[in-house]
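Worth saying up front: this structure is predicted, and the values here are computed from it rather than measured. In what follows, chains are A, B, ... by sequence order, proteins preceding strands, each numbered from 1.
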Amino acid sequence: MRRFQLWLGIALVALVVAAAVISLFWTPFDPLRVVPEKRLLPPGWPHLLGTDGFGIDILSQLLVGARMCLLVGIISVSLATVVGVPLGMLAGQAGGWVSEVVMRISDVVYAFPALLLAILLAAGFGASTVTAMVAIGVATIPAFARVARAGTLQVMASDFVLAARSSGTNRWGIAGRHVLPNIAPLAGVQASVAFAMAILAEAALSYLGLGTPRPTPTWGTMLRDAQDFFFTAPLQAVWPGLAIALAVLGFNLLGDGLRDHLDPRLREGVQ
Amino acid sequence: MSGELLRAENLTRVYADGRRRVNALQDVSLTVAPGQRLGIVGESGSGKSTLIRLLAGLDRPTTGQVWFDGTEVTGRPERELGFLRAAVQLVFQDPWSSLNPRMRVADIITEPLRSKLVRRQLPADVDHRARLAEVMAEVDLPPEFADRYPHEFSGGQRQRIAIARALAPRPDVLIADEPVSALDVSVRAQVMNLLNDLVASRGLTLIVVSHDLMVVRHLCDTIAVMQSGRIVEHGSAEQVYDDPRTGYTKTLLAAIPRFAGG
(Lines give C-alpha, C1' and ligand atoms only; values in the text may rest on other atoms or scores of the structure.)
Protein backbone atom coordinates (compact mmCIF):
# COMPACT_ATOMS: atom_id res chain seq x y z
CA MET A 1 0.00 0.00 0.00
CA ARG A 2 2.76 2.43 0.95
CA ARG A 3 4.63 1.36 -2.14
CA PHE A 4 1.54 2.12 -4.21
CA GLN A 5 1.28 5.64 -2.77
CA LEU A 6 4.89 6.37 -3.58
CA TRP A 7 4.48 5.12 -7.14
CA LEU A 8 1.22 7.04 -7.65
CA GLY A 9 3.04 10.16 -6.44
CA ILE A 10 5.89 9.54 -8.84
CA ALA A 11 3.42 8.94 -11.71
CA LEU A 12 1.49 12.17 -11.05
CA VAL A 13 4.66 14.24 -10.76
CA ALA A 14 5.97 12.63 -13.95
CA LEU A 15 2.70 13.58 -15.67
CA VAL A 16 3.10 17.24 -14.70
CA VAL A 17 6.75 17.24 -15.79
CA ALA A 18 5.83 15.57 -19.08
CA ALA A 19 3.11 18.17 -19.72
CA ALA A 20 5.58 20.98 -19.05
CA VAL A 21 8.24 19.49 -21.31
CA ILE A 22 5.78 18.81 -24.15
CA SER A 23 4.50 22.40 -23.95
CA LEU A 24 8.01 23.64 -24.70
CA PHE A 25 7.88 22.05 -28.16
CA TRP A 26 4.26 21.57 -29.03
CA THR A 27 0.74 22.51 -27.98
CA PRO A 28 -2.42 21.54 -29.88
CA PHE A 29 -3.25 25.23 -30.43
CA ASP A 30 -1.64 28.58 -29.75
CA PRO A 31 -2.26 29.11 -25.99
CA LEU A 32 -2.23 32.90 -26.45
CA ARG A 33 -4.32 33.39 -29.59
CA VAL A 34 -7.83 34.77 -29.03
CA VAL A 35 -10.42 33.36 -31.44
CA PRO A 36 -13.77 35.11 -30.72
CA GLU A 37 -15.86 32.85 -32.95
CA LYS A 38 -14.72 29.74 -31.00
CA ARG A 39 -15.72 30.93 -27.51
CA LEU A 40 -16.80 28.39 -24.90
CA LEU A 41 -16.76 25.29 -27.05
CA PRO A 42 -17.56 22.09 -25.14
CA PRO A 43 -14.99 19.27 -25.08
CA GLY A 44 -14.75 17.56 -28.45
CA TRP A 45 -12.67 17.57 -31.60
CA PRO A 46 -10.32 19.30 -32.32
CA HIS A 47 -10.50 21.11 -28.95
CA LEU A 48 -10.29 18.05 -26.66
CA LEU A 49 -11.12 19.94 -23.46
CA GLY A 50 -13.02 22.74 -25.17
CA THR A 51 -12.19 26.44 -25.28
CA ASP A 52 -12.47 29.24 -22.76
CA GLY A 53 -14.24 32.60 -22.82
CA PHE A 54 -11.63 33.99 -25.22
CA GLY A 55 -11.82 31.02 -27.55
CA ILE A 56 -8.38 29.75 -26.47
CA ASP A 57 -7.81 26.00 -26.39
CA ILE A 58 -7.95 24.78 -22.75
CA LEU A 59 -5.65 21.77 -23.13
CA SER A 60 -2.94 24.00 -24.60
CA GLN A 61 -3.25 26.36 -21.65
CA LEU A 62 -3.09 23.49 -19.17
CA LEU A 63 0.14 22.24 -20.73
CA VAL A 64 1.75 25.68 -20.59
CA GLY A 65 0.37 26.15 -17.08
CA ALA A 66 2.24 23.03 -15.92
CA ARG A 67 5.43 24.80 -16.97
CA MET A 68 4.67 27.84 -14.81
CA CYS A 69 3.66 25.71 -11.88
CA LEU A 70 6.91 23.74 -11.98
CA LEU A 71 9.00 26.87 -12.51
CA VAL A 72 7.48 28.60 -9.49
CA GLY A 73 7.79 25.41 -7.42
CA ILE A 74 11.43 24.81 -8.31
CA ILE A 75 12.57 28.39 -7.74
CA SER A 76 10.66 28.99 -4.52
CA VAL A 77 11.55 25.61 -2.98
CA SER A 78 15.20 26.06 -3.97
CA LEU A 79 15.23 29.50 -2.36
CA ALA A 80 13.69 28.08 0.81
CA THR A 81 16.14 25.15 0.89
CA VAL A 82 19.26 27.18 0.21
CA VAL A 83 18.40 29.67 2.95
CA GLY A 84 16.50 27.48 5.41
CA VAL A 85 18.77 24.44 5.63
CA PRO A 86 22.00 26.34 6.47
CA LEU A 87 20.10 28.46 9.01
CA GLY A 88 18.72 25.33 10.67
CA MET A 89 22.18 23.74 10.68
CA LEU A 90 23.65 26.89 12.21
CA ALA A 91 21.00 26.86 14.94
CA GLY A 92 21.51 23.17 15.59
CA GLN A 93 25.30 23.25 15.66
CA ALA A 94 25.83 26.53 17.51
CA GLY A 95 23.01 26.10 20.04
CA GLY A 96 22.62 28.68 22.80
CA TRP A 97 21.62 32.23 21.90
CA VAL A 98 22.41 31.78 18.18
CA SER A 99 19.81 29.04 18.02
CA GLU A 100 17.33 31.18 19.95
CA VAL A 101 17.76 34.16 17.61
CA VAL A 102 17.49 32.08 14.42
CA MET A 103 14.48 30.11 15.57
CA ARG A 104 12.59 33.13 16.94
CA ILE A 105 13.08 35.02 13.67
CA SER A 106 11.94 31.89 11.90
CA ASP A 107 8.82 31.81 14.11
CA VAL A 108 8.04 35.40 13.18
CA VAL A 109 8.32 34.66 9.46
CA TYR A 110 6.27 31.52 9.96
CA ALA A 111 3.51 33.50 11.67
CA PHE A 112 3.50 36.15 8.94
CA PRO A 113 0.85 35.20 6.36
CA ALA A 114 2.38 34.35 2.99
CA LEU A 115 -0.52 36.00 1.23
CA LEU A 116 0.13 39.29 3.01
CA LEU A 117 3.79 39.07 2.04
CA ALA A 118 2.78 38.48 -1.58
CA ILE A 119 0.44 41.50 -1.51
CA LEU A 120 3.23 43.65 -0.04
CA LEU A 121 5.71 42.51 -2.67
CA ALA A 122 3.16 42.95 -5.45
CA ALA A 123 2.39 46.45 -4.18
CA GLY A 124 6.08 47.34 -4.10
CA PHE A 125 7.37 45.68 -7.23
CA GLY A 126 4.24 44.90 -9.22
CA ALA A 127 2.60 41.52 -9.51
CA SER A 128 4.84 39.12 -11.39
CA THR A 129 6.03 35.54 -11.38
CA VAL A 130 9.16 36.69 -9.56
CA THR A 131 7.33 38.36 -6.68
CA ALA A 132 5.14 35.26 -6.32
CA MET A 133 8.22 33.00 -6.22
CA VAL A 134 9.98 35.20 -3.66
CA ALA A 135 6.90 35.43 -1.45
CA ILE A 136 6.32 31.68 -1.50
CA GLY A 137 10.02 30.94 -1.03
CA VAL A 138 10.44 33.28 1.94
CA ALA A 139 7.29 31.94 3.57
CA THR A 140 8.64 28.39 3.24
CA ILE A 141 12.09 29.09 4.77
CA PRO A 142 11.01 28.43 8.39
CA ALA A 143 9.76 24.94 7.58
CA PHE A 144 13.17 24.02 6.19
CA ALA A 145 15.01 25.69 9.07
CA ARG A 146 13.01 23.66 11.59
CA VAL A 147 13.50 20.35 9.85
CA ALA A 148 17.23 21.04 9.40
CA ARG A 149 17.65 22.07 13.03
CA ALA A 150 15.88 19.00 14.36
CA GLY A 151 17.98 16.73 12.14
CA THR A 152 21.18 18.56 13.07
CA LEU A 153 20.51 18.18 16.80
CA GLN A 154 20.06 14.46 16.30
CA VAL A 155 23.30 14.12 14.33
CA MET A 156 25.26 16.29 16.79
CA ALA A 157 24.24 13.96 19.63
CA SER A 158 25.70 10.91 17.88
CA ASP A 159 28.99 9.28 18.81
CA PHE A 160 30.44 9.73 15.34
CA VAL A 161 30.37 13.49 15.80
CA LEU A 162 32.08 13.07 19.16
CA ALA A 163 34.68 10.89 17.45
CA ALA A 164 35.15 13.53 14.76
CA ARG A 165 35.63 16.22 17.42
CA SER A 166 38.14 14.09 19.25
CA SER A 167 40.01 13.86 15.95
CA GLY A 168 40.16 17.61 15.70
CA THR A 169 37.59 17.96 12.90
CA ASN A 170 36.38 21.57 13.00
CA ARG A 171 32.77 22.70 12.79
CA TRP A 172 32.89 23.11 9.01
CA GLY A 173 34.11 19.55 8.60
CA ILE A 174 31.40 18.31 10.92
CA ALA A 175 28.77 20.32 9.05
CA GLY A 176 29.90 19.16 5.62
CA ARG A 177 30.90 15.56 6.26
CA HIS A 178 28.54 14.54 9.03
CA VAL A 179 25.51 16.80 9.41
CA LEU A 180 24.62 17.69 5.82
CA PRO A 181 24.76 14.17 4.33
CA ASN A 182 22.63 12.85 7.18
CA ILE A 183 19.94 15.53 7.04
CA ALA A 184 19.79 15.68 3.23
CA PRO A 185 17.10 12.97 3.02
CA LEU A 186 14.96 14.87 5.53
CA ALA A 187 15.37 18.05 3.51
CA GLY A 188 14.42 16.13 0.36
CA VAL A 189 11.17 14.96 1.90
CA GLN A 190 10.46 18.47 3.10
CA ALA A 191 11.17 19.81 -0.40
CA SER A 192 8.59 17.50 -1.94
CA VAL A 193 5.90 18.56 0.52
CA ALA A 194 6.89 22.22 0.18
CA PHE A 195 6.61 21.84 -3.60
CA ALA A 196 2.96 20.83 -3.23
CA MET A 197 2.31 23.84 -1.01
CA ALA A 198 4.10 26.11 -3.49
CA ILE A 199 1.89 24.92 -6.36
CA LEU A 200 -1.20 25.63 -4.33
CA ALA A 201 0.11 29.02 -3.24
CA GLU A 202 1.04 29.98 -6.79
CA ALA A 203 -2.44 29.04 -8.00
CA ALA A 204 -3.97 31.10 -5.21
CA LEU A 205 -1.80 34.12 -5.99
CA SER A 206 -2.52 33.92 -9.72
CA TYR A 207 -6.20 33.53 -8.97
CA LEU A 208 -6.07 36.75 -6.98
CA GLY A 209 -4.07 38.49 -9.70
CA LEU A 210 -0.93 38.66 -7.52
CA GLY A 211 1.06 36.16 -9.51
CA THR A 212 1.99 35.74 -13.14
CA PRO A 213 0.19 38.45 -15.16
CA ARG A 214 -1.73 37.82 -18.37
CA PRO A 215 -1.50 36.69 -21.02
CA THR A 216 0.75 33.83 -19.79
CA PRO A 217 -1.64 31.05 -18.86
CA THR A 218 -1.38 29.60 -15.36
CA TRP A 219 -3.76 27.24 -13.64
CA GLY A 220 -4.70 29.96 -11.16
CA THR A 221 -5.64 32.55 -13.80
CA MET A 222 -7.56 29.90 -15.75
CA LEU A 223 -9.57 29.20 -12.62
CA ARG A 224 -10.33 32.87 -12.18
CA ASP A 225 -11.44 33.29 -15.79
CA ALA A 226 -13.65 30.22 -15.51
CA GLN A 227 -15.46 31.75 -12.58
CA ASP A 228 -17.33 34.14 -14.94
CA PHE A 229 -18.93 31.21 -16.73
CA PHE A 230 -19.49 29.03 -13.70
CA PHE A 231 -23.20 28.51 -14.40
CA THR A 232 -23.06 28.32 -18.19
CA ALA A 233 -19.85 26.30 -18.63
CA PRO A 234 -18.88 24.69 -15.31
CA LEU A 235 -16.32 22.37 -16.94
CA GLN A 236 -14.13 25.45 -17.48
CA ALA A 237 -13.29 25.47 -13.79
CA VAL A 238 -13.00 21.71 -13.48
CA TRP A 239 -9.94 21.33 -15.76
CA PRO A 240 -7.51 23.71 -14.04
CA GLY A 241 -8.92 22.67 -10.65
CA LEU A 242 -8.25 19.04 -11.47
CA ALA A 243 -4.75 19.87 -12.67
CA ILE A 244 -3.94 21.72 -9.43
CA ALA A 245 -5.42 18.96 -7.28
CA LEU A 246 -3.53 16.18 -9.06
CA ALA A 247 -0.22 18.04 -8.99
CA VAL A 248 -0.56 18.85 -5.27
CA LEU A 249 -1.62 15.28 -4.54
CA GLY A 250 1.31 13.94 -6.54
CA PHE A 251 3.97 15.93 -4.69
CA ASN A 252 2.37 15.17 -1.31
CA LEU A 253 2.26 11.45 -2.01
CA LEU A 254 5.84 11.57 -3.23
CA GLY A 255 6.92 13.33 -0.02
CA ASP A 256 5.01 10.90 2.21
CA GLY A 257 6.30 7.93 0.26
CA LEU A 258 9.90 9.15 0.52
CA ARG A 259 9.53 9.75 4.24
CA ASP A 260 8.21 6.24 4.81
CA HIS A 261 10.92 4.84 2.60
CA LEU A 262 13.64 6.65 4.56
CA ASP A 263 12.21 6.05 8.03
CA PRO A 264 14.06 3.01 9.37
CA ARG A 265 11.20 2.13 11.71
CA LEU A 266 8.84 1.73 8.76
CA ARG A 267 11.34 0.06 6.48
CA GLU A 268 11.76 -3.66 6.84
CA GLY A 269 15.23 -5.17 7.21
CA VAL A 270 18.14 -2.74 7.37
CA GLN A 271 18.98 -1.39 10.85
CA MET B 1 57.50 12.55 30.37
CA SER B 2 58.38 10.89 33.72
CA GLY B 3 55.71 8.97 35.51
CA GLU B 4 52.63 10.76 34.31
CA LEU B 5 50.94 11.21 30.96
CA LEU B 6 47.48 12.36 31.97
CA ARG B 7 46.63 14.16 35.17
CA ALA B 8 43.27 15.29 36.44
CA GLU B 9 43.09 17.56 39.45
CA ASN B 10 40.00 18.22 41.53
CA LEU B 11 37.64 17.84 38.60
CA THR B 12 34.05 18.86 39.17
CA ARG B 13 31.39 18.91 36.52
CA VAL B 14 27.92 20.27 37.16
CA TYR B 15 25.22 19.88 34.55
CA ALA B 16 22.62 22.59 34.97
CA ASP B 17 19.38 21.85 33.23
CA GLY B 18 16.84 24.54 34.01
CA ARG B 19 16.08 24.14 37.70
CA ARG B 20 17.88 20.84 38.17
CA ARG B 21 21.59 20.70 38.91
CA VAL B 22 23.40 17.40 38.57
CA ASN B 23 26.84 16.94 40.08
CA ALA B 24 28.15 14.44 37.58
CA LEU B 25 31.68 14.64 38.94
CA GLN B 26 32.80 15.74 42.38
CA ASP B 27 36.41 16.52 43.15
CA VAL B 28 38.01 13.76 41.12
CA SER B 29 41.81 13.56 40.92
CA LEU B 30 43.66 10.95 38.92
CA THR B 31 47.00 10.34 37.24
CA VAL B 32 47.71 7.95 34.42
CA ALA B 33 51.28 6.80 33.73
CA PRO B 34 52.54 6.06 30.19
CA GLY B 35 51.78 2.45 29.32
CA GLN B 36 49.34 2.10 32.18
CA ARG B 37 46.06 0.28 31.55
CA LEU B 38 43.45 1.91 33.71
CA GLY B 39 39.96 0.54 34.17
CA ILE B 40 37.23 2.84 35.41
CA VAL B 41 34.27 0.91 36.77
CA GLY B 42 30.97 1.93 38.28
CA GLU B 43 27.31 1.72 37.47
CA SER B 44 25.63 3.98 34.93
CA GLY B 45 25.33 7.53 36.19
CA SER B 46 28.44 7.25 38.34
CA GLY B 47 30.32 9.84 36.24
CA LYS B 48 32.56 7.50 34.20
CA SER B 49 31.63 8.92 30.81
CA THR B 50 31.82 12.49 32.07
CA LEU B 51 35.32 11.83 33.37
CA ILE B 52 36.65 10.48 30.07
CA ARG B 53 35.08 13.33 28.13
CA LEU B 54 36.95 15.75 30.33
CA LEU B 55 40.19 13.77 29.97
CA ALA B 56 39.77 13.78 26.17
CA GLY B 57 39.12 17.52 26.14
CA LEU B 58 35.64 17.11 24.69
CA ASP B 59 33.95 18.90 27.55
CA ARG B 60 35.10 21.49 30.05
CA PRO B 61 35.08 20.90 33.79
CA THR B 62 33.13 23.26 36.05
CA THR B 63 36.24 23.46 38.22
CA GLY B 64 39.59 21.66 38.19
CA GLN B 65 42.29 21.05 35.60
CA VAL B 66 43.42 18.40 33.16
CA TRP B 67 47.04 18.09 32.04
CA PHE B 68 48.33 16.02 29.18
CA ASP B 69 52.04 15.31 29.06
CA GLY B 70 52.78 18.38 31.18
CA THR B 71 50.57 20.77 29.18
CA GLU B 72 47.33 22.06 30.60
CA VAL B 73 44.33 21.12 28.48
CA THR B 74 41.65 22.99 30.37
CA GLY B 75 41.14 26.61 29.44
CA ARG B 76 42.75 26.27 26.01
CA PRO B 77 40.75 27.11 22.88
CA GLU B 78 40.07 24.27 20.48
CA ARG B 79 42.65 25.47 17.94
CA GLU B 80 45.43 24.93 20.51
CA LEU B 81 44.38 21.38 21.31
CA GLY B 82 46.03 19.73 18.31
CA PHE B 83 48.56 17.95 20.54
CA LEU B 84 45.71 16.33 22.43
CA ARG B 85 43.59 15.49 19.37
CA ALA B 86 46.41 13.55 17.77
CA ALA B 87 47.47 11.81 20.97
CA VAL B 88 44.16 10.81 22.55
CA GLN B 89 41.65 8.77 20.57
CA LEU B 90 38.32 7.25 21.55
CA VAL B 91 36.42 4.05 20.92
CA PHE B 92 32.75 4.13 21.80
CA GLN B 93 30.23 1.68 23.12
CA ASP B 94 27.75 1.57 20.29
CA PRO B 95 29.41 0.85 16.95
CA TRP B 96 26.13 1.74 15.21
CA SER B 97 26.16 5.30 16.45
CA SER B 98 29.92 5.82 16.32
CA LEU B 99 30.29 5.39 12.53
CA ASN B 100 28.68 7.89 10.16
CA PRO B 101 26.28 5.80 8.02
CA ARG B 102 26.96 8.00 4.98
CA MET B 103 30.73 7.72 4.90
CA ARG B 104 32.81 4.94 3.37
CA VAL B 105 35.01 2.91 5.70
CA ALA B 106 38.12 4.43 4.10
CA ASP B 107 36.90 7.97 4.81
CA ILE B 108 35.85 7.07 8.34
CA ILE B 109 39.24 5.62 9.22
CA THR B 110 41.29 8.41 7.66
CA GLU B 111 39.16 11.19 9.10
CA PRO B 112 41.60 11.85 11.99
CA LEU B 113 44.40 12.28 9.43
CA ARG B 114 42.50 14.94 7.55
CA SER B 115 41.87 17.45 10.30
CA LYS B 116 44.20 20.44 10.16
CA LEU B 117 44.80 20.31 13.90
CA VAL B 118 46.01 16.72 13.82
CA ARG B 119 47.97 17.08 10.57
CA ARG B 120 50.20 19.68 12.18
CA GLN B 121 51.19 17.11 14.81
CA LEU B 122 52.03 14.38 12.33
CA PRO B 123 54.98 13.91 9.96
CA ALA B 124 54.51 16.19 6.95
CA ASP B 125 53.62 13.59 4.35
CA VAL B 126 51.47 10.86 5.83
CA ASP B 127 50.18 8.80 2.94
CA HIS B 128 46.50 8.28 3.79
CA ARG B 129 46.14 5.20 1.57
CA ALA B 130 49.18 3.52 3.08
CA ARG B 131 48.17 4.37 6.64
CA LEU B 132 44.64 3.10 5.92
CA ALA B 133 46.00 -0.22 4.70
CA GLU B 134 48.26 -0.48 7.76
CA VAL B 135 45.60 0.08 10.39
CA MET B 136 43.07 -2.11 8.60
CA ALA B 137 45.61 -4.92 8.66
CA GLU B 138 46.27 -4.27 12.35
CA VAL B 139 42.61 -4.82 13.23
CA ASP B 140 42.23 -7.76 10.82
CA LEU B 141 39.90 -6.11 8.34
CA PRO B 142 40.28 -7.21 4.70
CA PRO B 143 41.41 -4.32 2.45
CA GLU B 144 38.34 -4.64 0.20
CA PHE B 145 36.14 -3.38 3.07
CA ALA B 146 37.55 0.10 2.52
CA ASP B 147 35.05 1.10 -0.15
CA ARG B 148 31.95 -0.13 1.66
CA TYR B 149 29.53 1.60 4.01
CA PRO B 150 29.14 0.80 7.73
CA HIS B 151 25.67 -0.77 7.47
CA GLU B 152 27.17 -3.70 5.57
CA PHE B 153 29.06 -4.91 8.65
CA SER B 154 28.35 -6.76 11.87
CA GLY B 155 28.82 -5.22 15.29
CA GLY B 156 32.23 -6.78 15.80
CA GLN B 157 33.45 -5.62 12.40
CA ARG B 158 32.14 -2.13 13.04
CA GLN B 159 33.95 -1.98 16.34
CA ARG B 160 37.14 -2.99 14.50
CA ILE B 161 36.55 -0.11 12.06
CA ALA B 162 36.17 2.24 15.03
CA ILE B 163 39.41 0.92 16.55
CA ALA B 164 41.21 1.35 13.21
CA ARG B 165 40.05 4.97 13.09
CA ALA B 166 41.37 5.53 16.60
CA LEU B 167 44.75 4.04 15.67
CA ALA B 168 45.17 6.03 12.44
CA PRO B 169 46.89 9.14 13.92
CA ARG B 170 49.20 6.93 16.06
CA PRO B 171 47.81 8.02 19.42
CA ASP B 172 49.53 7.61 22.77
CA VAL B 173 46.30 7.09 24.66
CA LEU B 174 43.30 5.01 23.69
CA ILE B 175 40.13 5.67 25.65
CA ALA B 176 37.51 2.97 25.26
CA ASP B 177 34.01 3.64 26.60
CA GLU B 178 32.30 0.28 27.19
CA PRO B 179 34.05 -1.10 24.09
CA VAL B 180 32.39 -4.51 24.10
CA SER B 181 29.13 -4.17 26.00
CA ALA B 182 27.08 -3.64 22.83
CA LEU B 183 28.60 -6.68 21.13
CA ASP B 184 27.50 -10.30 21.00
CA VAL B 185 29.14 -12.42 23.65
CA SER B 186 30.88 -14.47 20.97
CA VAL B 187 32.57 -11.36 19.54
CA ARG B 188 33.52 -9.75 22.86
CA ALA B 189 36.52 -11.98 23.45
CA GLN B 190 37.86 -11.26 19.95
CA VAL B 191 37.62 -7.50 20.39
CA MET B 192 39.12 -7.62 23.89
CA ASN B 193 42.02 -9.74 22.66
CA LEU B 194 42.53 -7.32 19.79
CA LEU B 195 42.68 -4.39 22.21
CA ASN B 196 45.10 -6.29 24.44
CA ASP B 197 47.38 -7.12 21.51
CA LEU B 198 47.36 -3.57 20.18
CA VAL B 199 48.11 -2.07 23.55
CA ALA B 200 50.95 -4.50 24.12
CA SER B 201 52.47 -4.19 20.65
CA ARG B 202 52.54 -0.39 20.46
CA GLY B 203 52.87 0.48 24.10
CA LEU B 204 49.59 2.36 24.20
CA THR B 205 48.20 3.82 27.35
CA LEU B 206 44.69 2.45 27.74
CA ILE B 207 41.73 3.78 29.66
CA VAL B 208 38.73 1.49 29.66
CA VAL B 209 35.37 2.48 31.06
CA SER B 210 33.00 -0.32 31.91
CA HIS B 211 30.27 -1.38 34.26
CA ASP B 212 31.58 -4.92 33.83
CA LEU B 213 34.45 -5.89 36.12
CA MET B 214 35.19 -8.95 33.99
CA VAL B 215 36.06 -6.73 31.01
CA VAL B 216 38.22 -4.47 33.10
CA ARG B 217 39.98 -7.41 34.72
CA HIS B 218 40.85 -8.76 31.29
CA LEU B 219 42.21 -5.48 29.94
CA CYS B 220 43.60 -3.44 32.83
CA ASP B 221 46.35 -3.36 35.43
CA THR B 222 44.89 -0.53 37.49
CA ILE B 223 41.31 0.01 38.58
CA ALA B 224 39.40 3.06 39.72
CA VAL B 225 35.94 2.47 41.15
CA MET B 226 33.46 5.31 40.83
CA GLN B 227 30.25 5.93 42.69
CA SER B 228 28.01 9.01 42.35
CA GLY B 229 30.66 11.23 40.83
CA ARG B 230 33.57 10.27 43.09
CA ILE B 231 36.42 7.80 42.90
CA VAL B 232 35.80 5.60 45.91
CA GLU B 233 38.62 3.12 45.36
CA HIS B 234 41.80 3.24 43.28
CA GLY B 235 44.57 0.71 43.13
CA SER B 236 46.22 -2.11 41.24
CA ALA B 237 43.92 -4.69 39.72
CA GLU B 238 45.00 -7.48 42.09
CA GLN B 239 44.58 -5.32 45.14
CA VAL B 240 41.09 -4.15 44.19
CA TYR B 241 40.00 -7.66 43.30
CA ASP B 242 41.56 -9.52 46.18
CA ASP B 243 41.19 -7.00 48.93
CA PRO B 244 38.42 -4.50 48.15
CA ARG B 245 38.35 -1.76 50.75
CA THR B 246 34.92 -0.30 50.29
CA GLY B 247 31.57 -1.97 50.61
CA TYR B 248 30.61 -0.64 47.18
CA THR B 249 33.47 -2.44 45.44
CA LYS B 250 32.55 -5.61 47.30
CA THR B 251 29.01 -5.31 45.99
CA LEU B 252 30.28 -4.82 42.43
CA LEU B 253 32.57 -7.83 42.77
CA ALA B 254 29.80 -9.96 44.22
CA ALA B 255 27.75 -9.19 41.10
CA ILE B 256 30.23 -11.06 38.88
CA PRO B 257 29.04 -14.55 38.09
CA ARG B 258 31.57 -17.07 39.43
CA PHE B 259 33.02 -19.89 37.38
CA ALA B 260 34.79 -22.98 38.58
CA GLY B 261 38.38 -21.99 39.27
CA GLY B 262 37.61 -18.31 38.52
Peer 1: What option among B:Gly57, B:Ser97, B:Ala86 has the most heavy-atom pairs under 4.5 Å with chain A?
Peer 2: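 So the answer, after comparing B:Gly57, B:Ser97, B:Ala86, is B:Ser97.
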Peer 1: Name all residues meeting the side-chain contact (heavy atoms from CB on, under 4.5 Å) criterion together with A:Ala191; count only those two or more places apart in sequence or in a different chain, and write none if there are none.
Peer 2: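 Scan of A:Ala191 (side-chain contact (heavy atoms from CB on, under 4.5 Å), adjacent residues dropped) gives A:Val77, A:Phe144.
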Peer 1: If I measure from the heavy atoms of chain A, does B:Val88 come under 4.5 Å with its side chain, its backbone, both, or neither?
Peer 2: backbone
Peer 1: Heavy-atom distances under 4.5 Å only: say whether B:Arg119 touches chain A with side chain, backbone, both or neither.
Peer 2: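 Neither; nothing under 4.5 Å.
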Peer 1: So A:Phe195 and A:Phe251, would you call those rings parallel, tilted or perpendicular, with 30° and 60° as cut-offs?
Peer 2: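 Answer is parallel, since the angle falls under 30°.
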Peer 1: Looking at A:Asn170, A:Leu162, A:Thr169, A:Val161, which one has more heavy-atom pairs under 4.5 Å with chain B than the rest?
Peer 2: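 Most pairs with chain B among the choices: A:Leu162.
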Peer 1: Please name the pair of heavy atoms, one in B:Phe92 and one in A:Ala163, separated by the smallest distance, quoted to 0.1 Å.
Peer 2: CE1-CB, 3.6 Å
Peer 1: Look at A:Gly173, A:Ser166, A:Ala184, A:Pro181 and state which one has the largest set of heavy-atom pairs under 4.5 Å with chain B.
Peer 2: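 Ranked by contacts with chain B, first place is A:Ser166.
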Peer 1: Mark yes or no: A:Arg146 above the aromatic ring of A:Tyr110, with NZ or CZ under 6.0 Å from the six-membered ring centre and no more than 45 degrees from the axis.
Peer 2: yes
Peer 1: Which region of A:Ala157, side chain (C-beta onward) or backbone (N, CA, C, O), has a non-hydrogen atom less than 4.5 Å from a non-hydrogen atom of chain B, or is it both or neither?
Peer 2: neither
Peer 1: Could you have a look at B:Leu117, B:Asn100, B:Leu84, B:Asp107 and say which one has the most heavy-atom pairs with chain A under 4.5 angstrom?
Peer 2: B:Asn100
Peer 1: Measure B:Arg53 against the heavy atoms of chain A and call it side chain, backbone, both or neither at under 4.5 Å.
Peer 2: side chain
Peer 1: How about A:Phe125: does its CZ atom have over 12 heavy atoms from other parts shown lying under 6.0 Å from it?
Peer 2: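 No.
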Peer 1: Does a salt bridge link B:Glu78 with A:Arg165, judged by any charged N lying under 4.0 Å from a carboxylate O?
Peer 2: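 So B:Glu78 does not pair with A:Arg165 through a salt bridge.
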Peer 1: Among B:Leu99, B:Val118, B:Asp177, which residue forms the greatest number of heavy-atom pairs with chain A at distances under 4.5 Å?
Peer 2: B:Leu99
Peer 1: Ring pair (Phe, Tyr, Trp, His ring centres under 6.0 Å): which pairs involve residues 159-182 of chain A, sequence neighbours left out?
Peer 2: A:Phe160-A:His178
